[in-house]
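The sequence lines fix the lettering, A, B, ..., with proteins before strands; numbering per chain opens at 1. This one's a predicted model, so the numbers in the text were calculated from it and none came from an experiment. Computed from heavy atoms alone, side chains included, the values below leave out hydrogens, waters and symmetry copies.
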Protein chains: 2
Amino acid sequence: MATDPLSVTFAALADPTRRAILKRLARGEASVTDLSEPFDMTMPAITKHLKVLQGAGLVERGRRAQWRPCRLRARPLKRATDWIAQYRRFWEESLDRLDAFLQDVQEKEKPKGARRHGQTKV
Amino acid sequence: MATDPLSVTFAALADPTRRAILKRLARGEASVTDLSEPFDMTMPAITKHLKVLQGAGLVERGRRAQWRPCRLRARPLKRATDWIAQYRRFWEESLDRLDAFLQDVQEKEKPKGARRHGQTKV
DNA sequence: CGCCTATTTTACCACAAGGTTAAATACGCA
DNA sequence: TGCGTATTTAACCTTGTGGTAAAATAGGCG
């Protein structure tokens, strides 16, 4: 797997269990047992997911007796969202479709020779 | 890998090569050869990355003679960003830190008994 | 100490990811 | 038809991921 921060963040988010864990943590701190409760999954599996989230800096662990409470750390999400933001113009006003359309038109009008018997239908 | 749309989108973004491809496509349509040029990677590898991007609906392929041009489709990014947006309040105003701090304080003040010799330092 | 609870570590497994090379396919064109 | 260019498919390899069960660790408490 790629190890740059953005890749690590996106990879952490690319799993429904982990996203659910984050959602749960948005409501406040929780223990591993708490977190595992909604899932049909053993604890070690949750521990692993937490490791991934920690690795992405999305979860911070505490230590209270034998509990190792988890809490949300959202900062990496900002970077993720900032990266995505550069594409905003492509979905606002259906610009991606529009752009595609314009490029098609442009393509068909280009006097490129050999255009006569190219597949005109696209 | 999980197959729900959000997971597929995030997984597609969790690779620097694929993000670079998207960035390139933001400047306009490109062929596979164009796309592979900046990378020290064989074409089949690029083809695979494109498959992943297509699977996530982030890239659309055309067909012009032996070229299969790629173009950006940004709509799935909106859903990704919308999902992340629900956590915005946690990073704005350092709310995640603040929250962590408050929970610590709260914890220390909780008259939970046995608090006397707990690790007070944290 | 010895037990109980919470959590992690240690193998282990099946399968997906990300690469490679070599062969196959798709089209345009002489 | 047959060659050349663009791209994909097939087969393979190595590593990572998501899960398991069983054993190890950590800490409070009688």
Side-chain angles (χ1 to χ4, degrees), chain A residues 1-4 7-8 10-21 29-37 39-56 59-71 112-122, chain B residues 1-4 7-21 29-37 39-56 59-71 107 112-122:
Chain A
M1 199 214 29
T3 55
D4 62 283
S7 296
V8 170
F10 282 130
L13 297 179
D15 182 289
T17 304
R18 287 194 292 262
R19 290 198 305 279
I21 287 176
E29 187 173 294
S31 73
V32 180
T33 310
D34 292 344
L35 290 174
S36 68
E37 185 269 326
F39 303 103
D40 185 24
M41 207 176 286
T42 61
M43 279 241 225
I46 301 292
T47 297
K48 283 195 181 181
H49 282 303
L50 286 173
K51 281 253 170 72
V52 174
L53 290 169
Q54 277 181 90
V59 158
E60 189 188 47
R61 313 289 313 262
R63 187 166 272 237
R64 208 121 59 217
Q66 64 259 222
W67 291 271
R68 284 153 190 73
C70 308
R71 63 174 63 120
K112 186 195 177 181
R115 194 109 272 300
R116 190 130 300 96
H117 55 294
Q119 17 63 281
T120 327
K121 45 187 302 194
V122 170
Chain B
M1 201 216 24
T3 57
D4 62 282
S7 295
V8 170
T9 303
F10 282 131
L13 297 180
D15 182 290
T17 304
R18 288 194 293 263
R19 289 198 305 278
I21 289 177
E29 187 173 293
S31 73
V32 181
T33 310
D34 292 342
L35 291 174
S36 67
E37 185 269 326
F39 303 103
D40 185 23
M41 209 177 284
T42 60
M43 281 244 222
I46 301 293
T47 299
K48 283 194 181 181
H49 282 304
L50 287 173
K51 281 252 168 75
V52 174
L53 290 168
Q54 276 181 90
V59 157
E60 188 187 49
R61 314 288 314 261
R63 185 166 274 237
R64 210 123 57 217
Q66 65 260 224
W67 291 272
R68 284 155 189 73
C70 307
R71 63 175 62 118
E107 182 61 29
K112 188 195 175 182
R115 193 108 274 301
R116 191 129 300 99
H117 54 297
Q119 17 64 281
T120 327
K121 46 189 299 193
V122 170

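- As rounded to whole Å, 11 Å separates atom C1' of D:dC29 from atom CH2 of A:Trp67.
- In this structure, CG of A:Leu35 is placed 10 Å from P of C:dT8, rounded to the nearest angstrom.
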**Study point:** From CA spacing to verdict: side-chain hydrogen bond (donor to acceptor under 3.5 Å, both in side chains), B:Ser7, A:Arg19
**Key:** CA-CA 9 Å; B:Ser7 295; A:Arg19 290 198 305 279; 2.9 Å; yes
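- Residues A:Ala11 and A:Met1 approach most closely at CB-SD, 3.7 Å, considering heavy atoms.
- When rounded to the nearest whole Å, the span between CG of A:Leu50 and C1' of C:dT7 equals 10 Å.
- The interatomic distance linking B:Phe39 (CZ) with C:dT20 (C1') rounds to 18 Å, in whole Å.
- At the phosphate of C:dA6, neither OP1 nor OP2 sits under 4.0 Å from any side-chain N or O atom of A:Ser31.
- Here the P atom of nucleotide D:dT7 and the CD1 atom of B:Ile21 are 13 Å apart, to the nearest Å.
- Between B:Thr33 and D:dA6 there is no side-chain polar atom (N or O) within less than 4.0 angstrom of OP1 or OP2.
- If you take CD1 on B:Ile21 and CG on B:Asp34, they are separated by 11.5 Å, rounding to the nearest 0.5 Å.
- In the set C:dG28, D:dT7, C:dT8, the nucleotide with an atom closest to the side chain of A:Arg61 is C:dT8.
- If you take CE of B:Met43 and P of C:dG19, they are 15 Å apart, rounded to a whole angstrom.
- Here the straight-line distance linking atom OG1 of B:Thr33 with atom CH2 of B:Trp67 works out to 9.0 Å at 0.5 Å rounding.
- Here the P atom of nucleotide D:dA6 and the CD atom of B:Glu29 are 16 Å apart, to the nearest Å.
- The distance from the CD atom of B:Glu29 to the CZ atom of B:Arg61 is 10.5 Å, given to the nearest 0.5 Å.
- One distance of note links CE of B:Met41 with CG of B:Leu35; it measures 12.0 Å at 0.5 Å rounding.
- DNA chain C is contacted by both B:Pro44 and A:Asp34; A:Asp34 maps to the nucleotide lying nearer its 5′ end (nearest heavy atom per residue).
- The line from CG of A:Leu13 to OG1 of B:Thr9 is 11.5 Å long, rounded to the nearest 0.5 Å.
- Atoms CG and OG1, on B:Asp40 and B:Thr17 in that order, are 10.5 Å from each other to the nearest 0.5 Å.
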Would you tabulate the nitrogen or oxygen pairs shorter than 3.5 Å linking the protein to nucleotides 15-19 of chain D?
unit_1	atom_1	unit_2	atom_2	d
D:dG18	OP1	A:Arg18	NH2	3.3
D:dG18	OP2	A:Arg18	NH1	3.0
D:dG19	OP2	A:His49	NE2	2.3
D:dG19	N7	A:Lys48	NZ	3.1
D:dG19	O6	A:Lys48	NZ	2.3

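- Shown here for B:Pro69 and B:Arg63, the closest heavy-atom pair between the two residues is CD-N, 3.8 Å.
- Taking 4.0 angstrom as the limit, B:Arg63 places none of its side-chain polar atoms (N or O) nearer than this to OP1 or OP2 of C:dA26.
- With rounding to whole Å, B:Lys51 atom NZ is found 16 Å from C:dA16 atom P.
- Taking a pair as Watson-Crick or G-U wobble with both distances under 3.5 Å, the runs of three or more consecutive pairs in DNA chain C are C:1-30 with D:1-30.
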